Amino acid sequence: MLNPGFPLLLAALLGLILKARKIRYFLTAGALIISLILMFALPQDKILTTASFFDLELILNYISLTSRNIGLIFGLFALLVLVYGYSLLSLASLNLLNIFVGSSIAILFVGDYISFFFFWELISVAAFFLIYDKVEEKLRYTAEYYIIIHVLGGLSLLFGILLNYNFTGEIILAPPEAGLLFFIFGIAIKLGFLGFHVWIPKTYAAIPFQLAVLMAAYTSKVGVYALYRIVELETNIVAYFGLLNALGGILLAIFHSHLRIIISYSIISQIGYMIVGIGLSSQIAVTGGLFHLINHILYKGLLFMMAGTICYSTGFENLSDLGNLWKKTPLTFLAGIIATLSIAGFPFFNGYLSKALIKAGIDSQLLYYGLQLAGVGTSLLFIKVLYFAFLSKNNDPDIVKIPPLSMKLGMVLISAFMMLTAWNPAAVERLFQISPDVAYFSSSSILSGVLPFITALLLFPLLKKYISPHPEKVFQRDFFSKLGYSFINLDKKISQIHSGDLIRYLSWSLLALLVLLLIFLLAG
Amino acid sequence: MHLPILLILIPLFTVFSLGLFAFFSKKYIIPLVFTSSLASTAIIFYFIFNRETRLPFSYNLGSWQPDLAINILVDHYTLVIFAAMGLMILLSVIYSLTEITRNKAKFYLLLNVLFVGIAGMVMTADLFNFYVFFEITSISSYALVAYNDKDISLEAAFKYLMLGTVSAVFLLLAIILTYMATGTLNMVLIPERLGNLPVLTRQILIAFYLIGLGVKFAIVPLHTWLPDAYVGVPITYNVLSSALIIKTQFFVLMRILYILFGLNFLQDNMITTILLVWGIFSMLFGHAAAFQQNNLKRLLGYSTIAQMGYVIIAFSLGTPAGIVAGSFHMVNHGIMKGAVFFAAGNLHKAAGSYQLNKMQGLADIMPKTSLIFVLLLLSMVGIPPLSGFASKWLILEAALEAGYLLPGFMIILGSFLSLGYYLSIIINIYTGEKDLSKKSSARAVGLKINEILPAAALTAVCIILGLYPAILTGLIDRAPEFLLEQLNYINIIIGG
């Protein structure tokens, strides 16, 4: 049977022939729907398709509960992006979207490391070409940066896979017995762990916003899924690293004022929540972490859609250029409020349930209060966004372009879907097939959910002048690119010693002989 | 059935008839060359498909006594080069049909001399004939490098000649010393007699063999002729050099080391370790140097040096898995690099230059060739499901299995470095002009079918091998038997 990601990959092949935009658009939509149907129709926990690589057996289709749930949201969100981007997605990007989303979905349903690695790299390659632009030099640079850091992660993963294969003789996708460090390094890059996170803001702030909406949902979530499948430790240490990410992301975000940079950094922070959930040993917390992943895709998608709509209609993306938009773009404002309350985990909004689950599974005070603190930070961050973009009277940008209906419809649909899940914990429990003894809407839970937001609301007037927006550049050389450039400078020497002088070249050959003879003489 | 001898004789007679045809009627040159390469390819494929029944094969030319025997020998290890020859000879001749426009007779004459040399080097089982064929290969190579008559190709050919000749002196010295020590040049008799020599003598012999052949397969720092030579030559020679010539030279070195000296000697006396470290150095150096190039051919030349590094690493592991992995990469790299050069030649038709910055915007003019180019470069980096990944997997697996973790890690590092410069090619090709009125110097050109076919065919092979690598491993999996175990090799001639 077909792996649920394959309809999209097949659509990508078909797309090579079909050059009409409308046809490609509906081809992608159709493939997505088939893919969603496959996820439900195929039996779970059974090896459905195999292939072979040398004498190794590849498991191409294995549907587990978790992978199905993540696959569902991957597919659904791609449909929502199709709605939002109806008039924005270009002919080429539609086909690359097929590969990008297709491989992101396919990777969830494979059961061995080689196919896992294959799709892992395919995601990077597809993303490279999605970002790439023939004309815009900045996008070329961004794409190059993106693929270099992701292939670095991928190669590290490959080395880990090989070490593990060499040790166990197995390539089944299971927590490895050797080379764990290389796995972790590869995953850390993919999910944007603090220190390896640089590509996230760099990419998502630079690319066209409709692509940011799309791409932000997948790459790092695949990393989280990999963390869930691969890293299994005795201790809760991963959870503490997650907390570090949750807090660090906020600290990085709070002083920025470019809309998409802020949202990108907050991805890092939210990934931290998921890591906390997955890193804990209790089943409830793990489910909470995975559920948070689903919620995160939704509200982060909405936030990017909001940022995109603002960018589309005003032409500005920096908070220092924005203000007083609430009357001009009421729908976007409403979307912003819903997204903010969701990401803040406010009761009866989207992020609340998953955060409640994670908190219910936490057994340490440090993690609990750490997450609450991160919640305060997140709330503060998006109160800042809402205030400076929609309410503040400092600026008054004009609406240059009216956003098309499709963009509005996208936002409405995703908001509606978010509210639906937020009010329906029973459906969530059915989806994950758990029945935790968590009282979602008890007064203490609600209080714990409200508290961070209220604190942030109270703190905001005090902190406003420290975090007020300022103009900033999207492109800055970071540590990794400086490292790259210093390597290139060092590397120039190698070119310089090739002077073209025959005598020099001849003496190199003789030197090599001499060294060989010396080694033999001295060692013997 | 003495078919293998025909592999030497067919090109040899082509050479002689070419001289006649060039004198009387030039229009028969192309059909003649094409037919002869077709015949060679057919023989090679005959052996590939009938390997179980026909191999190992040996033939004593002139039935001389063992000490002086001239033996032709084809075993499963030879199939490694046969696989490359089977693909490359015909495809490169096909590509050259339109590329070579003047002095056709001279070019094809040299090309066929080259084929004689390669076939001879691969199949000969005595050092004297090996040296003869080695020089045939070398001299035709020097001449082919100079073929374009441009300043750059003449200078490169001169450097190549000097470096090659100096190293050939050491090779000859090694052969003479071997003869003096053992009294024979028959590779089957040498191993036993060589075993009585002191260790140091044998080590020095190995050093001479290494330097003598090392120049030809471009191990750093003996590589210096290669990037220069690659710039000014026809694509046909680029392909043959990358895919066939340097592979053959390395192939023969491995046969000499493993058969004459034996695996145990090599492992006990640091030879394999030295080769391993040298291979890693060569690989990293090649990648690092390729990083700096802005001429596409020169860049690909350095990349060939680096890729040979992988092969050297794999072979110096001294395990069956290592030999299979190295052989796989030898063939596979030939396929990929051959396709890259063919595609680069096609891109050059539009750009008019191999300078990377002059190749900008080619993706708009030649979308299909550019796409093929991207696929191949990704394959070279080792991104699945292309065949480069299978190579890398095999080499890494073999290295780790033999307990070499650090070399394995270096291979990963090397792949990462290679991504950097392959990306810069992709980015240059896929750069368009912002200002549409500013026309780039590139112009659209119609490609002829014989120019498209080789690149497309090899790319198809690359994809198929990526999905079903077992096709190639099935061909070469018995190679270690005839390389690592001297007795198997010796028995082909003495026992058979």
Side-chain angles (χ1 to χ4, degrees), chain A residues 51-55 114-115 117-119 121-122 124-125 128-129 132-137 140-141 143-144 147-148 151-152 154-156 158-159 161-163 165-167 182 484 487-488 490-492 494-496 498 500 502 504-506 508-513 516-517 519-521 523-524, chain B residues 155 158-159 162-163 166-167 170 199-200 203-204 207-208 210-211 214-215 221-222 224-225 227-228 269-270 274 285 288-289 291-293 361 363-364 378 381-385 389-390 392-394 396-397 400-401 405 408-409 412-413 415-416 419-420 423 427 430-434 469-470 473:
Chain A
S52 62
F53 180 78
F54 295 118
D55 45 358
I114 292 182
S115 4
F117 174 74
F118 165 48
F119 289 115
E121 295 288 58
L122 194 56
S124 310
V125 174
F128 170 78
F129 285 106
Y132 195 86
D133 188 284
K134 277 186 197 163
V135 179
E136 236 7 273
E137 199 189 340
R140 280 206 294 278
Y141 166 77
E144 193 179 5
I147 197 167
I148 284 181
V151 167
L152 178 66
L155 285 172
S156 167
L158 177 65
F159 196 57
I161 291 171
L162 272 151
L163 283 175
Y165 171 63
N166 189 43
F167 188 76
F182 291 98
F487 166 76
I488 290 173
L490 200 74
D491 200 36
K492 284 209 176 97
I494 288 187
S495 246
Q496 283 158 5
H498 289 84
L502 184 60
R504 170 181 287 207
Y505 290 170
L506 272 174
W508 284 359
S509 325
L510 297 179
L511 189 73
L513 177 63
L516 266 184
L517 293 178
I519 292 175
F520 290 141
L521 282 173
Chain B
E155 189 194 333
F158 178 69
K159 278 185 202 161
M162 292 309 283
L163 284 161
V166 170
S167 70
F170 289 114
V199 170
L200 187 62
Q203 283 177 325
I204 289 171
F208 286 147
L210 254 175
I211 297 295
V215 168
L222 314 175
T224 40
W225 60 273
D228 288 344
N269 295 288
M270 303 186 307
I274 289 173
F285 189 96
F291 224 95
Q292 295 295 329
Q293 309 306 321
D364 293 327
L378 290 177
V381 181
I383 303 233
F389 174 68
K392 211 141 282 180
W393 175 270
L394 279 175
L396 278 167
E397 190 196 326
L400 296 182
E401 192 188 295
L405 294 191
F409 186 73
I412 293 280
L413 198 69
S415 310
F416 180 60
L419 175 75
L423 262 188
I427 286 178
Y430 278 82
T431 295
E433 282 297 334
K434 197 178 255 173
T473 45

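These numbers come from a predicted model, not from an experiment. Residue numbers start from 1 in every chain, and the chains themselves are labelled A, B, ... in the order their sequence lines are given, proteins ahead of strands.
Proximity to chain B is absent for every atom of A/Ser124, based on heavy atoms less than 4.5 angstrom apart. For a residue to count as touching a neighbouring chain, one of its non-hydrogen atoms must lie under 4.5 Å from one of that chain's; by this rule B/Leu378 touches chain A with the side chain only. Looking at B/Ser415, the atoms closer than 4.5 Å to chain A (heavy atoms on both sides) sit in the backbone and in the side chain alike. Contact of B/Ile412 with chain A is made through backbone and side chain together, with heavy-atom distances under 4.5 Å. For B/Phe170, the part lying near chain A is the side chain, with the backbone staying farther off; criterion is any non-hydrogen pair under 4.5 Å. If you measure heavy-atom distances from A/Phe182 to chain B, the contacts under 4.5 Å come from the side chain alone. At a 4.5 Å heavy-atom cutoff, the contact between A/Phe487 and chain B is made by side-chain atoms alone. Proximity to chain A involves both the backbone and the side chain of B/Ile427, based on heavy atoms less than 4.5 angstrom apart. Only the side chain of A/Phe129 comes within less than 4.5 Å of a heavy atom of chain B; its backbone N, CA, C and O stay farther away. Proximity to chain B is limited to the side chain of A/Tyr165, based on heavy atoms less than 4.5 angstrom apart. If you measure heavy-atom distances from A/Ile147 to chain B, the contacts under 4.5 Å come from both the backbone and the side chain. Residue contact with chain A, scored on non-hydrogen atoms closer than 4.5 Å, involves the backbone and the side chain of B/Ile204 alike. Neither the backbone nor the side chain of B/Val199 comes within contact range of chain A; no heavy atom of the residue lies under 4.5 Å from a heavy atom of that chain.
Of the possible polar contacts, one joining the B/Gln292 side chain to the A/Ile488 backbone as a donor-acceptor pair under 3.5 Å is found. In this structure, the side chain of A/Tyr132 engages the main chain of B/Tyr430 through a donor-acceptor pair within 3.5 Å.
When side chains are defined from C-beta on, A/Phe159 counts as touching B/Leu400, because their heavy atoms get closer than 4.5 Å. Using a 4.5 Å heavy-atom cutoff, the side chains of A/Leu158 and B/Trp393 are in contact. Residues B/Glu397 and A/Asn166 have side chains not in contact (no heavy-atom distance under 4.5 Å, counting atoms from C-beta outward). Counting heavy atoms from C-beta on, the side chains of A/Leu152 and B/Leu419 never come closer than 4.5 Å. Put simply, the side chain of B/Leu163 does not reach to within 4.5 Å of the side chain of A/Trp508, judged on heavy atoms.
To the nearest 0.5 Å, the span separating CG on B/Leu396 from CG on A/Leu155 amounts to 9.0 Å. Distance check: B/Leu222 CG to A/Tyr505 OH gives 13.0 Å after rounding to the nearest 0.5 Å. Rounding to the nearest 0.5 angstrom, the gap separating the CG atom in A/Leu506 from the NZ atom in B/Lys159 is 11.0 Å. From A/Glu144, atom CD reaches atom CG of B/Leu423 across 5.5 Å, with rounding to the nearest 0.5 Å.
Ring geometry for A/Phe117 versus B/Phe389: interplanar angle under 30°, hence parallel rather than tilted (30 to 60°).
Top candidate by heavy-atom pairs under 4.5 Å with chain A, chosen from B/Thr473, B/Leu413, B/Asp228, is B/Thr473. Counting heavy-atom pairs closer than 4.5 Å to chain B, the top residue among A/Asp133, A/Leu122, A/Leu490, A/Leu163 is A/Leu163. In terms of heavy-atom pairs under 4.5 angstrom with chain A, the leader among B/Pro227, B/Ala363, B/Ala390 is B/Ala390. Contact tally against chain B (heavy-atom pairs below 4.5 Å) for A/His498, A/Glu121, A/Arg504: the top residue is A/His498.
Listed here is the closest heavy atom pair of B/Ala289 and A/Ile494: CB-CG2, 3.6 Å. Between A/Gly500 and B/Glu155, the closest heavy-atom pair is O-OE2, 4.5 Å. Heavy atoms only, all atoms of each residue included: B/Ala207 and A/Phe520 are closest at CB-CE1, 3.9 Å.
Under a cut-off of 6.0 angstrom, the local environment of CZ in B/Phe158 is sparse, with at most 12 non-hydrogen atoms contributed by other residues, nucleotides or ligands.
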